[in-house]
Undergrad: 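Just dropping this structure here.
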Amino acid sequence: MMFLHSPGTGHRHGRDRRAAVVPAPDGRARFTGEAAPTAAVVGGGIAGLAAATLLAERGVRVTLHESEPSLGGRLSGRPTQLADGTTVTMSRGFHAFFRQYYNLRGLLRRVDPGLDSLIRLPDYPLRHSSGLHDSFARVPRTPPLSAMGFVALSPTFGLRDLARMNPRAALPLLDVRVPEVYERLDSISAHDFLARIRFPEAAHHLAFEVFSRSFFADPRELSAAELVLMFHIYFLGSSEGLLFDVPDEPFPTALWDPLHRYLEGHGTDVRTRTPVRQVRPRPDGGLDLTTDDRTTRYDALVLALDSGGLRRVVAASPELGDSEWRAGIDRLRTAPPFLVSRLWLDRPVAYDRPGFLGTSGYGPLDNVSVLDRWEGEAARWARRTRGSVVELHAYAVAPDADRGAVQAEVLRQLHRIYPETLSARIVDERHEWRADCPMFPVGGYRDRPGVRTPDPAVTVAGDMVRTGLPVALMERAATSGFLAANALLERWGVRGQTLWTVPRAGRSAVLRRLAALGDG
């Protein structure tokens, strides 16, 4: 059995030498005494945790409202007892903590300064049902060698494929800027953009489709701007590459329980199982927040909800914001449902199976994780039982799909990919169906909220928020949370937090000049 832990991996404090700094608002160090304002943070996911952490550190009296029993949002976890009597943690499983996630890592360093709870997985392997395999382990990390190395090493690029490509249409990839990338490419789909480039079909399916589906969307529905931004973040805009870490224990143990204690140590009132139903601005500039059992006044508010939760709270709060802002919130879309199936098997998978494998062409199955390769809880169960813990993800499932049939199909595809699992007995299984991820549809950028709202006492955070920075996924959530707190602190004359991102434009002057040819 392979249980990966690379000592010192989490101690990497350096950043890409061209990483961009986002200066903090200036002001006094923090509030002291009873004059500190009160702030409510609604939502205990990454965005809400980032906002609450910074506000509490600056002396604001923070109340964190989370509707679920635990913190973490889409990375939360819950205890469950298996048929063999073992208590384990069920979560939504695999999430890649990429090295470009500077601000998320900064949040985690509050409770784990060396990031010792994160361990490195050695590769980001991809497999297509046609038999093609791809890997990023040997791809150089420094642009433009990263993109050139991917093309040279990938089996999906042949000389004939390269000759067919439309280089002029691909020029926007060379100098990605935010928000300009949305002005140029939000009007077409990721699928159509790749077709315009004449990107090799095999590479389209094996690489870009896997990445686009990490947004829980079909490439025909996803804005090309989001795909191109991701290309910038992981390839031509950053020297961090596709190296990533994963927590060495379930999310609550490794991340959120320590951060919960940290927040309470800074005076935060953490209220789980407490959804906010309505917000009402007050004539004195404060806000009344109504939960199921009380209405409380606060001086400021951070709405750090998913798209559906934000729509519901705003719809129930008719005095919040203005008509244009409210209409944009109402048009926000949620991505189709996704499935996480976790299987506890009575025998191990083959010793050389990777901890994570991205898949394409295997029906609804999008990736396979062998959790006992890196997660301590799963590894201990696997050692004790001589079994294994395998997790299957299916994204962008049709809303009307038969869920039992989808669960059966992803299991059948697992048997195709790892045939040794066909003879394994399933000791127990858990299936999580969710539909709470933001959708980034073609033309949808204009409706997404920014951090600031028409009410200066109210800010918004989350992975759907427009930040004006080259960030995405979990890093967009963390960054927007800090930005939301910064906006409130600036209003109060208190120093905010300095943030970092990958470069805000193409790294290479030569590539930037080439990209400019596409504007002619």
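All of these numbers come straight from a predicted model, not from anything done at the bench.
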Undergrad: Residues two or more places apart in sequence or in another chain: which of them pass side chain to side chain donor-acceptor pair (under 3.5 Å) with D257?
TA: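 Testing D257 for side chain to side chain donor-acceptor pair (under 3.5 Å), a comparison that skips the adjacent residues, returns none.
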Undergrad: Using the test ring pair (Phe, Tyr, Trp, His ring centres under 6.0 Å), find all partners of F97 that sit at least two apart in sequence or belong to another chain.
TA: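 F97: no ring pair (Phe, Tyr, Trp, His ring centres under 6.0 Å) contacts found.
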Undergrad: Under the salt bridge (charged side-chain N to carboxylate O under 4.0 Å, His left out) rule, collect the residues that match up with R78, sequence neighbours excluded.
TA: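 For R78 the salt bridge (charged side-chain N to carboxylate O under 4.0 Å, His left out) partners, ignoring immediate neighbours, are E432.
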Undergrad: Check whether any side-chain heavy atom of T86 sits under 4.5 Å from a side-chain heavy atom of R384, and report yes or no.
TA: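 Touching, per the 4.5 Å side-chain cut-off.
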Undergrad: Excluding sequence neighbours, so at least two apart, what forms ring pair (Phe, Tyr, Trp, His ring centres under 6.0 Å) with F193?
TA: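 F193 satisfies ring pair (Phe, Tyr, Trp, His ring centres under 6.0 Å) with no residue once adjacent residues are dropped.
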Undergrad: Do NZ/NE/NH1/NH2 and the carboxylate oxygens of R476 and E226 come within less than 4.0 Å?
TA: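 So R476 pairs with E226 through a salt bridge.
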Undergrad: Taking only residues two or more places apart in sequence or in another chain, which ones pass ring pair (Phe, Tyr, Trp, His ring centres under 6.0 Å) with H393?
TA: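 For H393, the residues satisfying ring pair (Phe, Tyr, Trp, His ring centres under 6.0 Å) (neighbours in sequence not counted) are Y395.
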Undergrad: The criterion is salt bridge (charged side-chain N to carboxylate O under 4.0 Å, His left out); which residues satisfy it with E391, sequence neighbours excluded?
TA: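 Partners of E391 by the salt bridge (charged side-chain N to carboxylate O under 4.0 Å, His left out) criterion, ordered by chain and then number, come out as R342.
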Undergrad: Could you pull out all donor-acceptor pairs under 3.5 Å where a side-chain atom in residues 258-265 meets a protein atom, sequence neighbours excluded?
TA:
from	atom 1	to	atom 2	distance (Å)
H260	NE2	E264	OE2	3.2
Y262	OH	E57	OE2	2.4

Undergrad: Using ring pair (Phe, Tyr, Trp, His ring centres under 6.0 Å) as the criterion, list what pairs up with Y362, not counting sequence neighbours.
TA: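 Result, ring pair (Phe, Tyr, Trp, His ring centres under 6.0 Å) vs Y362: none returned.
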Undergrad: Minimum heavy-atom separation for P348 and R386, please, with both atom names.
TA: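 For P348 versus R386, the nearest heavy atoms are CD-O, 3.2 Å.
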Undergrad: How long is the straight-line distance from OH of Y234 back to CZ of F98, given to the nearest 0.5 Å?
TA: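 So the gap between those two atoms works out to 5.0 Å.
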Undergrad: A408: which residues meet the side-chain contact (heavy atoms from CB on, under 4.5 Å) condition with it, sequence neighbours left out?
TA: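 A408: no side-chain contact (heavy atoms from CB on, under 4.5 Å) contacts found.
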Undergrad: Suppose we screen for salt bridge (charged side-chain N to carboxylate O under 4.0 Å, His left out). Which residues come up paired with R311, at least two apart in sequence or across chains?
TA: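 By the salt bridge (charged side-chain N to carboxylate O under 4.0 Å, His left out) rule, R311 matches no residue at all.
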Undergrad: Any side-chain heavy atom of T421 sitting closer than 4.5 Å to one from V349?
TA: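 Heavy-atom side-chain distance check passes, below 4.5 Å.
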Undergrad: Quick one: salt bridge (charged side-chain N to carboxylate O under 4.0 Å, His left out) partners of D192, sequence neighbours excluded?
TA: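 Here no residue qualifies.
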Undergrad: Which of these passes side-chain hydrogen bond (donor to acceptor under 3.5 Å, both in side chains) with S130: H133, R127, H128?
TA: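 When side-chain hydrogen bond (donor to acceptor under 3.5 Å, both in side chains) is applied between S130 and each of H133, R127, H128, only H128 qualifies.
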Undergrad: Who are the side chain to side chain donor-acceptor pair (under 3.5 Å) partners of H431, not counting sequence neighbours?
TA: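 For H431 the side chain to side chain donor-acceptor pair (under 3.5 Å) partners, ignoring immediate neighbours, are S341, E429.
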Undergrad: Return the CG to CZ distance between L104 and R109, rounded to the nearest 0.5 Å.
TA: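 Atom-to-atom, L104:CG and R109:CZ are 10.5 Å apart.
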Undergrad: Any heavy-atom pair between the side chains of F440 and R448 that's under 4.5 Å?
TA: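 SC-SC contact between R448 and F440 confirmed.
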Undergrad: Determine, for E375 against R380, whether the closest basic-nitrogen to carboxylate-oxygen distance falls under 4.0 angstrom.
TA: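 Between R380 and E375 there is no salt bridge, as every charged N stays at least 4.0 Å from the carboxylate O atoms.
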Undergrad: Would you mind checking if R92 and D436 are paired as a salt bridge, meaning a charged N to carboxylate O distance below 4.0 Å?
TA: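 Yes, this pair counts.
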Undergrad: Going by an N to O cut-off under 4.0 Å, is there a salt bridge joining R99 and D245?
TA: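 Looking at D245 together with R99, the answer is yes, because their closest N to O distance falls below 4.0 Å.
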Undergrad: For R403, is the CZ atom crowded, meaning more than 12 foreign heavy atoms sit under 6.0 Å from it?
TA: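 For R403, atom CZ is crowded (more than 12 foreign heavy atoms under 6.0 Å).
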